[in-house]
4 protein chains.
Amino acid sequence: MTSAGPASPPATARGRRTRSALLAAGRELFEECGFSAVGIDAVAQRAGVSHGTFYTWFDSKEMLLREIISEVAADIFSATSIGSRLPADAAYARIEAANRSFLRAVTRHSRILRVLDSLADTREDFLRLRLEIRESFVQRGMEGLIRLQELGLADPQLPPRATASALGAMVESFAHLWQDPVEGLDEAAAVDVLTRLWAGAIGLAPRAWPGGGRAGAG
Amino acid sequence: MTSAGPASPPATARGRRTRSALLAAGRELFEECGFSAVGIDAVAQRAGVSHGTFYTWFDSKEMLLREIISEVAADIFSATSIGSRLPADAAYARIEAANRSFLRAVTRHSRILRVLDSLADTREDFLRLRLEIRESFVQRGMEGLIRLQELGLADPQLPPRATASALGAMVESFAHLWQDPVEGLDEAAAVDVLTRLWAGAIGLAPRAWPGGGRAGAG
Amino acid sequence: MTSAGPASPPATARGRRTRSALLAAGRELFEECGFSAVGIDAVAQRAGVSHGTFYTWFDSKEMLLREIISEVAADIFSATSIGSRLPADAAYARIEAANRSFLRAVTRHSRILRVLDSLADTREDFLRLRLEIRESFVQRGMEGLIRLQELGLADPQLPPRATASALGAMVESFAHLWQDPVEGLDEAAAVDVLTRLWAGAIGLAPRAWPGGGRAGAG
Amino acid sequence: MTSAGPASPPATARGRRTRSALLAAGRELFEECGFSAVGIDAVAQRAGVSHGTFYTWFDSKEMLLREIISEVAADIFSATSIGSRLPADAAYARIEAANRSFLRAVTRHSRILRVLDSLADTREDFLRLRLEIRESFVQRGMEGLIRLQELGLADPQLPPRATASALGAMVESFAHLWQDPVEGLDEAAAVDVLTRLWAGAIGLAPRAWPGGGRAGAG
DNA sequence: TATGAATGAGAGTTCATTCAT
DNA sequence: GATGAATGAACTCTCATTCAT
C-alpha cells in the first residue's frame with residue numbers, strides 16, 4: 001500500500017477540518033468529472049477555502065488523489081479480509097459471502113476506482129496501486145480455489161491464479177456495469193447470479209451446492 | 001457506431017498518405033501516453049508534418065481519437081460476428097471459438113480500448129461508443145445461452161443478459177490483465193481456461209463438453 | 001487615387017471571370033463580416049474556386065480590399081463631380097443636388113466604407129484613401145461656399161474648409177446612420193432635411209431659398 | 001450601458017494596482033494599434049506583468065475593451081448632462097456650451113471611440129454601446145430643438161430626431177477629423193464654427209443670436 | 001491557370017504551482 | 001494557517017501565405 005503523506009500533518013483542529021474538507025471535495029469532484037478535468041480552484045472552492053490553502057495541505061493534485069485512493073483501498077481490503085469464518089464444507093456460502101462484500105465495496109467506490117483506472121493506464125505507480133486493490137480479492141479467491149481443488153471439490157485442471165484473476169475481474173466488472181440497479185437486478189439477485197457463475201465455473205462439486213446440485217442442466 | 005468524418009476527404013495520394021500517417025501516429029501516442037497527455041504537436045511531429053497540417057485533416061484531437069476508435073470498433077465487430085458455423089451440438093467448441101476471437105481482438109486493441117475507457121468515464125458519447133463495442137460480444141453470448149437453455153443444456157435459472165454481461169466482462173478484463181504472456185499462459189491456454197470457466201459457469205451439460213464431461217470435480 | 005494592381009493582369013476570358021468572381025465575393029464578405037473576420041478560404045469558396053487560386057490573382061487579402069475600394073472611390077468621385085450645371089443663382093438647388101448624389105453614393109457603399117474606416121484607424125495608407133474619398137465632396141462644398149460668400153449670399157465669417165468638412169461629415173454620417181429607411185424618412189425627405197440644415201448653417205440668404213426664405217423662425 | 005464586470009474584484013491594493021495597469025495598458029495599445037492587432041502578451045508586457053496575470057483580472061480581451069469603453073461612456077455621459085442651467089432665452093449660449101463639452105469629450109476619447117466604431121460594424125453588442133454613447137448628446141439636442149420650435153425660435157419644419165442626429169454627427173465627426181489643431185483652428189474657433197453652423201441650421205431666430213443676428217448674409 | 005496540401009508564426013486561454021503578505 | 005496575486009509553460013486551434021503538381 002503506497003503511503004501518501006500530507007505536505008505536513010495538521011497540528012490544529014482547524015487544520016484537520018480544512019484538510020478533511022479538501023479531501024472530501026476532491027473525492028466528490030474526481031468522481032463527478034475525472035482527474036484531469038478537476039482544477040485546484042474547484043477543489044478549494046468546494047472545500048470553502050482559498051486557492052492557495054490547498055498547497056498548505058497537499059503537495060500536488062496527484063497527491064490528493066493518492067490519499068483519497070488510500071482510503072478506498074483500505075476499505076476494500078477490509079471488505080475482502082473479513083468473514084470466512086464459515087465451516088470449511090460451506091464452500092458455496094463462503095464464495096457467496098466473499099462476492100457480496102466485494103461487490104458492495106466496489107460498487108461503493110465504483111467511480112473513484114474508474115478514475116484510478118484511467119491513470120493506471122499510463123502511470124506505473126497508479127497501476128501498481130490498482131493491482132494491489134484487486135489483488136486482495138484475487139488472492140483470497142485463489143486460496144479458496146486451491147483448497148477446494150485439494151479437497152477434490154473443484155476442477156483440478158484450472159490454474160488457480162488465472163482462474164481467480166478471471167473470476168475476480170468478472171465480479172469487479174459487473175459491479176461497474178451495474179452502477180444503478182440496472183437490468184432489474186437487486187443486490188441479492190446480482191450476488192446470486194455471480195455466485196452461481198463462479199461456483200459453476202470452478203466446477204464446484206454438486207454436494208457443495210445449496211440443495212445439493214444445480215437445477216436443470218443436463 | 002458514431003461516424004467520424006474528416007474535415008474533408010483527401011483528394012490526392014499525398015493527402016491520403018499524410019492522413020494515414022497522422023492516424024497511425026495518433027494511435028501510437030494515445031496508446032503510449034493516454035489521450036490528454038498527447039499534444040497535437042507530438043502527433044504531427046511523429047507523422048513528420050507540421051502541426052498546422054494536423055488541422056488540414058482533423059477538426060480536433062477528439063475527432064482523431066474517434067476515428068481511430070471507429071477502426072477498432074469495426075475490427076472487433078467483425079471478430080465477434082464471424083464463425084459460429086459449427087454444428088448446433090458443438091456448444092463447447094462454439095464458445096471456445098467465440099472466446100478465442102474476442103480475446104484476440106481485445107488483446108490486439110487493449111491499450112486503445114483503455115484510453116477509450118478513461119474517456120467513457122466522464123463523457124457520455126464515448127461511453128456509448130464503449131458500450132457498443134462490448135455489446136456485440138455480449139449479444140452473441142446471450143443468444144447462445146438462451147438457445148442452450150431452451151435445449152436443456154444450460155442452467156435455466158441464469159438471467160441471460162446479466163450472465164452474458166458478466167462472462168463477457170470476464171473475458172475482456174482477462175485480455176487486459178493478460179497484456180503480455182503474463183502468468184505463463186499462452187493464448188491457447190488462456191482460451192482453454194476461459195472457456196472451461198464459461199462452460200462451467202452456465203452449467204453446460206456434461207455431454208456437451210469435450211470428452212463428455214468435466215474431469216475431477218465431485 | 002491609389003492604384004491597386006493585380007498580381008498579374010488576366011490574359012484570358014476565364015481569368016477575367018475568376019478575378020471578377022473573387023472581387024465580388026470579397027466585397028460581399030467584407031460587407032457582411034468586416035475585414036479581419038473574412039478568411040481567404042471563404043472568399044475563394046464563395047467565388048467557386050479553390051483556395052490557392054486566390055493568390056493567382058491577388059497578392060494578399062489587403063490588396064483585394066484595396067481594389068474593391070478603388071471601385072467604390074471611383075463611383076463616389078463620379079457622383080460628386082457631375083451636375084452643378086445649374087444657373088449660378090440657384091444655390092439652394094445646387095446644394096440639394098450635391099447632397100442627393102452624395103447621400104446616394106455613400107448609402108450605396110455604406111458598409112464597405114465602414115470597413116475602410118476601421119482600417120483607416122491604424123493604417124496610414126488606408127487613412128489617406130479614406131480622406132481622398134471624402135475630399136471630393138468637401139472640396140466641392142468648399143468651392144461653393146466661397147463663391148456664395150463672395151456673392152454675399154453666405155455668412156462671410158465661416159472658414160470655408162472647416163465648414164465644408166463639418167457639413168460634409170454631417171451628410172456622410174447621416175448616410176451611415178440612415179442605413180435603411182430608419183426614422184421614417186425616405187430619400188427625398190432626408191435630402192430635404194440635410195439641405196435645409198446645410199443652407200441654414202451657411203446662412204444662405206433668404207432670397208436664395210426656394211419660396212424666398214425660411215418658414216417660421218422669427 | 002453594458003456592465004463589464006471583472007473576473008473578480010481585486011481584494012488587495014496590489015490587485016487594484018495591477019488591474020489598473022492592465023486597463024491603462026490596454027487603452028493605450030488599443031488606441032495605437034486597434035483591437036485585433038493587440039495581443040494579450042503586449043498588454044501584459046506594457047503593464048509589467050506576465051501574460052497569465054491578465055486572466056486573473058479579465059476574462060478575455062473583449063471584456064477588457066468593454067470595461068475601457070464603460071469608462072469612456074461614463075465620461076461622455078457626464079459631459080453631456082451637466083450645464084444647461086443658463087436662462088431659457090440664452091439658446092445660442094446653451095448650444096455653444098453643449099457643443100464645447102461634447103467636442104472636448106469626443107476629442108479626449110477620439111481614438112478609442114474609433115476602435116469601438118470598427119467593432120460596432122460587425123458586432124451587434126458593440127453597435128448598441130456605440131449608439132448609446134451618441135444618444136445622450138442627440139437626445140439633448142433634440143429636446144433643445146423641440147423647445148425652441150415650440151417657442152417659435154427655430155424652424156418648425158425640421159423633424160427633431162433626424163435633425164439632432166445629423167447635427168450631432170456633424171460635431172462628433174468634426175472632433176475626429178480635428179484630431180490635432182489641424183486646419184489652424186483652436187478649440188475656441190472650432191466651437192464657434194460648429195455653433196454658428198448649428199444655430200443657422202436650425203434657423204435660430206436672429207434675436208437669439210449673440211449680437212442680435214448673423215453678420216453679412218443677405 | 002488552377003489545385004489543394006503544407007506551413008508555422010501567433011492567437012487566446014488554462015491551470016498547477018509559488019510566494020509575499 | 002490562510003490568502004490571493006502572480007507566474008509561465010503548455011495547450012488547442014486559426015489563417016495568410018507558399019508551392020509542387
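Throughout, protein chains are lettered first and strands after them, A, B, ... in sequence-line order, and every chain is numbered starting at 1.
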Any chance you could measure A:Glu67, atom CD, to A:Asp59, atom CG, to the nearest 0.5 Å?
-> 10.0 Å
What does A:Gly39 touch in the nucleic acid at a heavy-atom separation under 4.0 angstrom: a base, only the sugar-phosphate, or nothing?
-> sugar-phosphate
Flag this pair as yes if the NZ/CZ of D:Arg114 is under 6.0 angstrom from the six-membered ring centre of D:Phe30 and inside a 45 degree cone about the axis; otherwise no.
-> no
Nearest-nucleotide pick for A:Ile40, side chain only, options being E:dA16, E:dA5, F:dT14 = E:dA16
Between C:Arg66 and C:Phe58, is NZ or CZ placed under 6.0 angstrom from the six-membered ring centre and within 45° of the ring axis?
-> no
Can you tell me how far C1' of E:dT13 sits from CD of D:Glu62, to the nearest Å?
-> 14 Å
Length of the line joining B:Leu22:CG and E:dT7:P, which is rounded to integer Å | 10 Å
Pairing partner of E:dT18 (Watson-Crick or G-U wobble, both distances under 3.5 Å) | F:dA5
Are A:Tyr55 and E:dT17 close enough that a side-chain N or O sits under 4.0 Å from OP1 or OP2?
-> yes
Whole-Å distance, B:Phe54 CZ to E:dG8 P, equals 17 Å
Given F:dA6, E:dG4, F:dA16, the nucleotide with the shortest approach to the side chain of B:Ala11 | E:dG4
Indicate, with a heavy-atom threshold strictly under 4.0 Å, whether D:Val38 touches base, sugar-phosphate, or nothing.
-> sugar-phosphate
Gap between atoms CZ and P, on D:Arg14 and E:dC19 respectively (whole Å) = 13 Å
Which part of the nucleic acid, if any, lies within reach of B:Thr53 when heavy atoms closer than 4.0 Å are counted: base, sugar-phosphate only, or nothing?
-> base
Figure out the NZ/C1' separation between C:Lys61 and F:dT14, and round it to whole Å.
-> 11 Å
Between D:Glu28 and D:Arg111, does at least one N-O distance fall below 4.0 Å, as a salt bridge requires?
-> no
Under 3.5 Å donor-acceptor pair, C:His51 side-chain atoms to E:dA2 base atoms | no
